[in-house]
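Report on one structure; see the data block that follows.
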Amino acid sequence: MHQILLLSDDINEIRLQYDVCVRNGYNFYFFDKMESFYGFLIHENIDVAVINQHLVDDPVDIFNIFREKDVDASFVFIGDKDTDKVRKLLKIGYFDYIYYGYTSEEFESSIRDAIENKTAFEKIKFISSNLEKINKNLLEKTEELEADRIRMKNVINKFRLIESFIREINITNGANLILEKLCQFISKEFSNNKVIITKIEGMQETVVASSGIMFDSIKNLKWDLSDIKSAPWAESILKGKTKVEVENPLENFWYSASSISSICPEGFFKLPIYYGEEVYGTAIVSYYTDGRTFSEDSLFYLKQIVDHAAMEIYSKRLQEKLSNTIEQLKEYQQQLIEKEKLSTLAKVAVSVNHEINNPLCAISLNAELIKRRYKDDENLQKIVDSILKNVSLINKITNKFANLRKVTFKEYLPGIEMLDLGD
């Protein structure tokens, strides 16, 4: 089915072209912004691209850009009755030029001719592709572009998966559930590998989720991180926070005695899930049995979702810490009530409402995401560092609340006092 793409913000024009396309069985798309039109055109197989003069500054430059992107659609331009412009645009490669005020019959005729032009062009291209000696260089370039297109498509898909993962863990409560969700998304990229997610609490590491191997068969696995025979990776994971790679663990002096070698005898790598100084667990991915290596794009995807999982766990724990602080303040408030210090209670409540802001967790998380994603933007890094500095200051204030031993007050507003938390 032929596909027609329109760049226009004229509703009457859109309706007219839509009716023509429906009548002829064409797929019809339209955009009123060049950015959207550009993105759609270079990624979709469009037969005819129709451009309204009203939305472009330089139709010659636009056409050249699309041709540089190997867009082989027939281009139809809609504009004023300007003979010089018509001659110029048709000369550089526009298929047709339609004057404003055109009828549906004129548009239909132009589109049909443009489709025939596209079809004829495709036939010529197909025939010429068989002339291997003459078009060898062109063919090689086309193959390179196709490989880039496929890789770009894969990269885009990975970014979409990353965005989907972030959305899902944002509404997930508890570190275990976040780690389980992490396992699901790692398996989307490493579907032919064993994936094991562990949780670290203190010096104890336990399995919380798996893919490619039944969870029930490994759910009771535990590693004592203080025992080098049980967990020889402990120092690298806990102190160095670096990826551990192990080939042939059964033949490895340090790993052969650990239960991990019986689970992943083909070899594996183990990635720490950490934020700041705290390690929450690890992501284990087995190697391929035929020795194939992982692509950079796959490893990039893995690192991104592991980092996001760690930041979300940190955020949830920070939120829990804030909630605990609030609960402590409520207990303190109750003690004041019991001691009939209602006035002091009111002042503490005002101070709490003033100093603690619930979106603190979201601010910290989003600031870290921006900092990681736009690490080459120096000005943006400075802004984000400023945000994180203030988040840290607020966090210190909550700690002061939790450890409050002496109650003093200062004026907040005329007639209203608040707790004095000091410097």
Quiz item: Should the ring pair Phe269 and Tyr287 be called parallel, tilted or perpendicular, given that the plane angle runs from 0 to 90° and is split at 30 and 60?
Solution: tilted
Quiz item: What class does the angle between the rings of Phe77 and Tyr94 fall in, given that below 30° is parallel, 30 to 60° is tilted and above 60° is perpendicular?
Solution: perpendicular
Quiz item: Ion pair present between Asp297 and Lys158, side-chain N to carboxylate O less than 4.0 angstrom?
Solution: no
Does a side chain donor of either [X] or [Y] reach within less than 3.5 Å of an acceptor in the other side chain?
{"X": "Lys316", "Y": "Asn173", "answer": "no"}
{"X": "Ser74", "Y": "Asn117", "answer": "yes"}
{"X": "Glu108", "Y": "Asn24", "answer": "yes"}
{"X": "Glu13", "Y": "Tyr102", "answer": "yes"}
{"X": "Asp224", "Y": "Ser226", "answer": "yes"}
{"X": "Gln3", "Y": "Tyr29", "answer": "yes"}
{"X": "Thr282", "Y": "Glu205", "answer": "yes"}

Self-check item: Lys241 charged N/C atom sitting above Trp233 aromatic ring, 6.0 Å / 45°
Solution: no
Quiz item: Got a sec: does the CG of Asp58 have more than 12 other heavy atoms crowding it under 6.0 Å?
Solution: yes
Quiz item: Would you find more than 12 non-hydrogen atoms of other residues, nucleotides or ligands less than 6.0 Å from Glu122 atom CD?
Solution: yes
Flag side-chain contact, heavy atom, 4.5 Å: [X] against [Y]:
{"X": "Leu388", "Y": "Glu368", "value": "yes"}
{"X": "Met152", "Y": "Asp148", "value": "no"}
{"X": "Ile260", "Y": "Val246", "value": "no"}

Just checking [X] against [Y], ring centres under 6.0 Å apart?
{"X": "Phe66", "Y": "Tyr38", "result": "yes"}
{"X": "Tyr275", "Y": "Tyr280", "result": "no"}
{"X": "Phe190", "Y": "Tyr301", "result": "no"}
{"X": "Tyr255", "Y": "Phe253", "result": "no"}

